[in-house]
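To start, the structure itself, in structure tokens.
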Amino acid sequence: MVLNKGIPFTEIIKSLPSTAPFVGPESLERRLGKNFKLRLGANESNFGMSSKAFEAIQKGIQEASWYGDPENYELRCCLAEIHNITPDEICVAGGIDDLLGLVVRVIVSKGTSVVTSLGGYPTFNYHVVGFSGRLSFVPYVEDRENLEGLLESALENDASLIFFSNPDNPMGTWHNSVDVQGFIDSIPLGKLLILDEAYYEFSPQGSVPPINTKNERVIRMRTFSKAHGMAGLRIGYAIANKKIISALNKIRLHFAVSRIAQIGALESLKDPKHVKNVVQKVNQGKQEYYILAKELNLNYISSGTNFVSFDLGTEERAKEILNKLQEQGVFVRMSTVPYLSRCIRITVGTESERKIFSKVFKRIYSKFQ
Ligand SMILES: Cc1ncc(COP(=O)(O)O)c(C=O)c1O
């Protein structure tokens, strides 16, 4: 008798749900049967990339038939100089999302205890579950990730890996550098903290502790997706002690980062004026969103990122308004975690996008006042 055993999936794959951490705006467009006119939900940069990077990419496209440099050498050297560290303390990969997967893979196996915030960046959780780790969640306190709670939970659950984002997504809040440094220092040896700094360029003054690659208890992650305006190129980097970086090098895909992404990122680093300019424009945009919220008597959450969370009071209301915005061609996002789900978060768009958003939002919100 021939037994039909089916496809030999691993136990982990058999147990995983078919969900993705984020539904992309393109998927939503296909579902809705129309395109969005405002893309304000993924915290991309609507201010584009450096014109110098753009030119370099245009030129470099002729070399797209070649693989990129598997060592990302030039880029790591440039980053090392900027951060006053050595190139072997840097790992370049396809964005923070890719780096999160790599770190999880080098730390997490079946049942490894991992701690994160309830409602924190979901792609991290996606990787942990995919490697059969055991997640413990710590609720936000007053719309901020709870440092004391994260530490307590890490100790209580003997976690090997802890995730914390500063400033965070989805609320846009942050902790000051003294508290973050205190948190890093309190992580016992033998545990690893991921400090996700995707919004680092937008971070309020005094919220970024100095880099110390001697410390083996922390890995920091940064990206070209936000202020550098290169989300579609997929490139980011991690900074850590070289023991951690060499572990990542054992498993990363050495040709994962495209030649074009390498060219663009390198050129963008050489054009710091662009990022400065984007940060200024985003700050201006955030002020406008705050004014809009005040005008409507709506609570908002001060943001250290490139988006602002509007507090709509309840999840039902937030969902209803988000759906209405989508019907009107405006893509924004909200958390599904209770308490955080009373908010929608709106990426800072260009001046003209903000004008349209303000008009559409006022019209929709007036029916809820
Ligand atoms: C906290 C946080 N981490 C990481 C990312 C993704 O970064 P990347 O595009 O480099 O994968 C995002 C994007 O929204 C984010 O909000």
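Sequence positions, counted from 1, serve as the residue numbers for this chain.
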- Taking side chain to side chain donor-acceptor pair (under 3.5 Å) as the test, write out the residues that go with D69, two or more places apart. none
- When you measure from the side chain of N46 to the backbone N and O of R39, does any donor-acceptor pair fall under 3.5 Å? yes
- Message: Evaluate I235 against L75 for side-chain contact (heavy atoms from CB on, under 4.5 Å), listing each step before the verdict.
- Response: CA-CA 11 Å; I235 184 160; L75 185 57; 3.6 Å; yes
- Message: Between V330 and V348, is there shared hydrophobic-cluster membership here, with clusters defined by ILVMFWY side-chain heavy atoms closer than 4.5 Å?
- Response: yes
- Query: So which of T116, L135, V106, L192 actually passes side chain to side chain contact (heavy atoms under 4.5 Å, CB included) with L161?
  - Reply: L192
- Item | Verdict with supporting geometry, Q284 and E288, side-chain hydrogen bond (donor to acceptor under 3.5 Å, both in side chains) | CA-CA 6 Å; Q284 162 74 28; E288 280 182 28; 3.2 Å; yes
- Item | Salt bridge flag under 4.0 Å for residues R76 and D88 | no
- Please answer: with hydrophobic residues joined when any side-chain heavy atoms are less than 4.5 Å apart, are V129 and V114 in the same cluster? yes
- Query: Within a strict 4.5 Å, meaning less than it, do heavy atoms of the R363 and Q328 side chains meet?
  - Reply: yes
- Item | No-hydrogen, no-angle side-chain donor-acceptor test under 3.5 Å, Q181 and D185 | yes
- Message: I need the minimum non-hydrogen distance between G41 and T347, along with the two atoms involved.
- Response: N-OG1, 3.7 Å
- Query: Nearest 0.5 Å, what's the OG-CG distance between S358 and L292?
  - Reply: 4.5 Å
- First locate atom CG of N241, then atom OG of S246, and finally report the distance between them rounded to the nearest 0.5 Å. 8.5 Å
- Cluster overlap V278 with I57, hydrophobic side-chain contacts below 4.5 Å: no
- Just wondering, more than 12 heavy atoms not from E152 lying within 6.0 Å of its CD? no
- Task: Return yes if some donor-acceptor pair links the side-chain N/O of N166 with the main-chain N/O of S207 below 3.5 Å, else return no.
- Result: yes
- Query: Counting N and O atoms only, with roles assigned by atom type, does the side chain of H228 sit under 3.5 Å from a partner on the main chain of S45, one being a donor and the other an acceptor?
  - Reply: no
- Task: Could you walk me through whether E89 and I211 pass side-chain contact (heavy atoms from CB on, under 4.5 Å), step by step?
- Result: CA-CA 11 Å; E89 293 167 330; I211 287 171; over 6 Å; no
- Message: Would you say OH of Y339 has more than 12 non-hydrogen atoms from neighbouring residues, nucleotides or ligands within 6.0 angstrom?
- Response: yes
- Sub-3.5 Å donor-acceptor pair from the side chain of H254 to the main-chain atoms of R252, do we have one? yes
- Can a salt bridge be assigned to the pair E267 and K52 using a cut-off of 4.0 Å between side-chain N and carboxylate O? no
- Test L28 against V23 for side-chain contact (heavy atoms from CB on, under 4.5 Å), laying out the working first. CA-CA 7 Å; L28 291 172; V23 178; 4.0 Å; yes
- Do other residues, nucleotides or ligands put more than 12 heavy atoms under 6.0 Å from the NZ atom of K110? no
- Query: Would you say the side chain of V108 lies within less than 4.5 Å of the side chain of R134, judging by non-hydrogen atoms?
  - Reply: no
- Message: On a heavy-atom basis, which atom in V257 and which in G94 lie closest, and how many Å separate them?
- Response: CG2-N, 3.9 Å
- Query: Got a sec: does the CD of E81 have more than 12 other heavy atoms crowding it under 6.0 Å?
  - Reply: no
- Query: Sub-3.5 Å donor-acceptor pair from the side chain of S268 to the main-chain atoms of G264, do we have one?
  - Reply: no
- Task: Hey, can you tell me if F183 and F164 have their rings parallel, tilted or perpendicular (30° and 60° cut-offs)?
- Result: perpendicular
- Message: Can you tell me how the ring of Y365 sits relative to the ring of F361, calling it parallel under 30°, perpendicular over 60° and tilted otherwise?
- Response: parallel
- Angle class for the F163/F124 ring planes (parallel below 30°, perpendicular above 60°, tilted otherwise)? parallel
- Item | Set of residues satisfying ring-ring contact (aromatic ring centres under 6.0 Å, His included) with respect to Y300, sequence neighbours excluded | Y290
- Residue pair S302 / W174: nearest heavy atoms and the distance that separates them: O-CZ3, 3.6 Å
- Nearest atoms (heavy-atom pairs only) where P139 meets L118: CA-CB, 4.0 Å
- Give a yes or no on whether E63 atom CD has more than 12 heavy-atom contacts from other residues, nucleotides or ligands under 6.0 Å away. yes
- Is the side chain of K226 donor-acceptor paired with the backbone N or O of N43 at a distance under 3.5 Å, no angle test? yes
- Query: Do F22 and Y126 belong together in a cluster built from hydrophobic side chains that touch within less than 4.5 Å?
  - Reply: no
- Message: side-chain contact (heavy atoms from CB on, under 4.5 Å), that's the test. Do I219 and I194 meet it? Break it down for me.
- Response: CA-CA 5 Å; I219 178 164; I194 298 177; 3.9 Å; yes
- Message: Quick check: do L147 and H175 have side-chain heavy atoms less than 4.5 Å from each other?
- Response: yes
- Looking only at heavy atoms, what is the nearest atom pair of M171 and F307, with distance? C-CE1, 3.8 Å
- Query: Hey, are the side chains of L38 and I356 touching, using non-hydrogen atoms and a 4.5 Å cut-off?
  - Reply: yes
- Message: Using a 3.5 Å distance criterion without hydrogens, assess whether the side chain of E145 forms a donor-acceptor pair with backbone atoms of S165.
- Response: yes
- Query: Can you tell me if T173 uses its side chain to pair, donor with acceptor, with the backbone of D143 under 3.5 Å?
  - Reply: yes
- Query: salt bridge (Lys or Arg N to Asp or Glu O under 4.0 Å) between E11 and K14: does it pass, once the steps are laid out?
  - Reply: CA-CA 5 Å; E11 288 308 311; K14 283 187 219 162; 3.1 Å; yes
- Between the side chains of Y237 and N72, does any donor sit under 3.5 Å from an acceptor? no
- Task: Would you check if there is a donor-acceptor pair between the side chains of N169 and R345 at a distance under 3.5 Å?
- Result: yes
- Item | Side-chain donor/acceptor of S153 to backbone N/O of L150, under 3.5 Å | no
- In this structure, are over 12 heavy atoms from other groups packed under 6.0 Å from K243 atom NZ? no
- Would you check if L99 and C91 make a side-chain contact, meaning some heavy-atom pair closer than 4.5 Å? yes
- Task: Report yes if some heavy atom in the side chain of K362 is under 4.5 Å from a heavy atom in the side chain of L296; otherwise report no.
- Result: yes
- Message: Under a 3.5 Å distance rule, please check whether K286 uses its side chain to pair with a backbone N or O of S303 as donor and acceptor.
- Response: yes
- Message: Can you confirm whether V332 sits close enough to L40 that some side-chain heavy atom of one is under 4.5 Å from a side-chain heavy atom of the other?
- Response: yes
- Query: When you look at CD of Q58, are more than 12 heavy atoms from neighbouring residues, nucleotides or ligands closer to it than 6.0 Å?
  - Reply: yes
- Residues, nucleotides or ligands: over 12 heavy atoms within 6.0 Å of F368 CZ: yes
- With the 4.5 Å side-chain cut-off for hydrophobic clustering, are L79 and M49 part of the same group? yes
- Message: Restricting to non-hydrogen atoms, name the atom on G119 and the atom on P170 that form the minimum distance, rounded to 0.1 Å.
- Response: O-CD, 3.2 Å
